[in-house]
Protein chains: 2
Amino acid sequence: MNKNQPLPWDHPRFRSWIAVARACQLMQTVLTRELTELDIKPPHLDILINLYRFEGISQQELARKLLVGRSNMSMALPLMEKRGLIERRGDKQDKRVLRLYLTNEGRSVTEAAMGIQTALIERTLSSEPLDQCMAMAESMERLIVTLQSEIREDSREPA
Amino acid sequence: MNKNQPLPWDHPRFRSWIAVARACQLMQTVLTRELTELDIKPPHLDILINLYRFEGISQQELARKLLVGRSNMSMALPLMEKRGLIERRGDKQDKRVLRLYLTNEGRSVTEAAMGIQTALIERTLSSEPLDQCMAMAESMERLIVTLQSEIREDSREPA
DNA sequence: CCGAAAATGTTCAATATTGAACAATAAAGT
DNA sequence: ACTTTATTGTTCAATATTGAACATTTTCGG
């Protein structure tokens, strides 16, 4: 059965990618644990960080930045609003869009959570030379561009 | 508010990691699309690949390899069994454990799916020099070791 | 200006994932 | 042998995520 098909784990790039995926998974797991004291989870942190950087962003724009569907935001944001972390205010110009803002509570939770995440990343990645980290980031950014263009092609031409 | 706290996006390692995470997310999205023709999703592919490599593995061992909880396997595997992709047979020695095997159907689906995933990875990563891929893999493997030991510490000492 | 097309957000059902509590079996300690 | 502890798998409720169908509002073509 393995006669004519080269097995994936013989491909160096395949093996590399699997390692990347596993590392992401683990990092997520550990981050989840460390965030429990703040009673938030990674998806919410992603949202908070983006609101911290881009105050007044719309739900649509936020979903695009996070690479998730709009419906995701429609489910998550009202919960965060009820918890007093964010506010949603309608845009004056365009009555369709809701613009998002951090509350003071949300801002301080975000700062604490960013501190935790930054510390985790520094701690676990500090043994890797900075050159190597930067090179990896550049590879990943090229990968992101490639994959995003592929996704856009698919949705333009859904034949 | 940003006076005394250094912002995460000023840390090069933080930025690098965010790029890694986004790339993983996108890769997952694209892989999901390309697997629809086989009617399976990435989590099932992960399972199939591991059964392909390690026939007769137990549910527990499989969960450990995939870095997911045992309950996850308890939910997913019966569905895959109903779809005729795998078989679960009780261990003769130890009546607690269920050992997992691919059916012929499962094996051919796995081979097709591995082909798709390998092609995707080769296609999107081929522009990165092999040295760079290997260096990244080594970094990620070190990261995995670090994070796993941290997880183990936590679960040993859950104070 | 009016009707068609696009954009934004919501709802819903389907699927994933987790952790906790549980039952059955095995291993260890006495 | 017997009680205790550990391991394996299951169930359940809670939370995430997605895509499709939908309503509202805006934009565009005529």
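Labels below follow one simple rule: chain letters A, B, ... track the order of the sequence lines, proteins then strands, and each chain is numbered from 1.
Applying the salt bridge (charged side-chain N to carboxylate O under 4.0 Å, His left out) criterion to E87(A), with sequence neighbours excluded, gives R89(A). Every residue two or more places apart in sequence or in another chain was checked for a salt bridge (charged side-chain N to carboxylate O under 4.0 Å, His left out) with R15(B), and none qualifies. Partners of K95(B) according to the side-chain contact (heavy atoms from CB on, under 4.5 Å) rule, which considers only residues two or more places apart in sequence or in another chain, do not exist here. For E55(B), the salt bridge (charged side-chain N to carboxylate O under 4.0 Å, His left out) partners at least two apart in sequence or on another chain are R107(B). Residues passing the side chain to side chain donor-acceptor pair (under 3.5 Å) test with R96(A), sequence neighbours excluded: D94(A). Qualifying side-chain contact (heavy atoms from CB on, under 4.5 Å) partners for L38(B), counting only residues two or more places apart in sequence or in other chains: L35(B), I40(B), A112(B), A113(B), I116(B). By the side chain to side chain donor-acceptor pair (under 3.5 Å) test, E61(A) pairs with S58(A), sequence neighbours left out.
For residues 113-130 of chain B, every residue pair satisfying the side-chain hydrogen bond (donor to acceptor under 3.5 Å, both in side chains) rule, not counting sequence neighbours, is listed here: H11(A)-E122(B), S139(A)-E128(B), R142(A)-E128(B), E150(A)-R123(B), E34(B)-R123(B). Applying the side-chain hydrogen bond (donor to acceptor under 3.5 Å, both in side chains) rule to pairs touching residues 68-83 of chain B yields E81(B)-R88(B), sequence neighbours excluded.
Straight-line distance from the CG atom of L67(B) to the C1' atom of dT18(C): 14 Å, rounded to whole Å. Taking atom CD1 on I151(B) and atom C1' on dT18(C), their separation rounds to 14 Å, with Å as the unit. Spacing between atom NZ of K82(A) and atom P of dT15(D) amounts to 12 Å, rounded to whole angstrom units. If you measure from atom CG of L66(B) to atom P of dG9(D), you get 13 Å, rounded to the nearest angstrom. In this structure, CZ of R89(B) is placed 19 Å from C1' of dT8(D), rounded to the nearest angstrom. If you measure from atom CG of L77(B) to atom C1' of dA16(C), you get 13 Å, rounded to the nearest angstrom. The CG atom of D91(B) sits 12 Å away from the C1' atom of dA26(C) (whole-angstrom rounding). The nearest whole Å value for the distance from the CG atom in L79(B) to the P atom in dT10(D) is 12 Å.
Panel note: side chain S16(B), backbone A137(A); no donor-acceptor pair is recorded below 3.5 Å. Panel note: side chain Q25(A), backbone L66(B); a donor-acceptor pair is recorded below 3.5 Å.
Using five terminal pairs a side, the axes of the helix from dC1(C)-dG30(D) to dT30(C)-dA1(D) at its two ends make an angle of 20°, given in steps of 10 degrees.
Between H44(A) and dT15(D) there is no side-chain polar atom (N or O) within less than 4.0 angstrom of OP1 or OP2.
Among the nucleotides dA16(D), dA26(C), dA16(C), the one closest to any side-chain atom of K95(B) is dA26(C).
Within residues 17-31 of chain B, no residue is approached by DNA chain D to less than 4.0 Å at the level of any non-hydrogen atom.
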(message) One character per nucleotide, please: for nucleotides 5-12 of chain C, 5' to 3', B when the base has a protein heavy atom closer than 4.0 Å, S when only the sugar-phosphate does, - otherwise.
(response) -BBBBBBB
